[in-house]
Amino acid sequence: MIKEKRKILGYTQTQMADLLNISLRQYVRIDTEEDLPRRDILKMLIKILDLSNEEIGIYIRSITKDVK
């Protein structure tokens, strides 16, 4: 979901990593839903990608669905 929103807005993974002040590898893990970002990074993602509450919920549930 993050990846799709990023592409719609025309950002590359490198641009997003730079905006978030994180490594490209760390951003790729967020983009591919391998990792849930830290709270501060998530807040910046919400702002940059203009995510709705529903989108945020879907994203977090997709990441944490296998966590017990």
Considering all heavy atoms, the nearest [X]-[Y] contact:
X     : Y     : result
Asp50 : Glu55 : O-OE1, 4.0 Å
Leu9  : Ile48 : CD1-O, 3.9 Å
Tyr59 : Asp35 : OH-O, 3.6 Å
Leu24 : Thr14 : CD1-N, 3.8 Å

4.5 Å side-chain heavy-atom contact, Ile22 and Ile30: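 The answer is yes, as the side chains (C-beta and beyond) meet within the 4.5 Å cut-off.
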(Q) Between Lys5 and Leu45, is there a side-chain heavy-atom distance shorter than 4.5 Å? (A)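 Not in contact.
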| said: Can you tell me which residue among Lys3, Lys7, Arg6 is in a salt bridge (charged side-chain N to carboxylate O under 4.0 Å, His left out) with Asp31? | reply: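 One option only clears the test, and that one is Arg6.
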Separation between CE (Met44) and CG (Asn21), nearest 0.5 Å, reads 7.0 Å
Here the gap from Thr12 atom OG1 to Leu19 atom CG, rounded to the nearest 0.5 Å, amounts to 8.5 Å
Checklist entry - Taking the side chain from Glu33 and the backbone from Met1, do they hold a donor-acceptor pair closer than 3.5 Å? => result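 Yes: the side chain of Glu33 pairs with the backbone of Met1.
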Practice prompt. Return the set of residues passing side-chain contact (heavy atoms from CB on, under 4.5 Å) with Arg25 (not counting sequence neighbours), or none when no residue passes.
Written response: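 Testing Arg25 for side-chain contact (heavy atoms from CB on, under 4.5 Å), a comparison that skips the adjacent residues, returns Ser23, Val28, Arg29, Glu34.
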- request: Assess whether atom CG of Asp40 is packed by more than 12 heavy atoms of other residues, nucleotides or ligands within 6.0 Å.
  value: yes
* Single-linkage hydrophobic cluster Leu49~Ile60, side-chain heavy atoms < 4.5 angstrom ->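 Per the 4.5 Å side-chain linkage, Leu49 and Ile60 are co-clustered.
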The complete set of salt bridge (charged side-chain N to carboxylate O under 4.0 Å, His left out) pairs with one or both residues in residues 9-21, sequence neighbours excluded, reads none
* Asked: When Ile2 is tested against each of Thr32, Leu51, Leu42 for side chain to side chain contact (heavy atoms under 4.5 Å, CB included), which residue passes?
  ->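 When side chain to side chain contact (heavy atoms under 4.5 Å, CB included) is applied between Ile2 and each of Thr32, Leu51, Leu42, only Leu51 qualifies.
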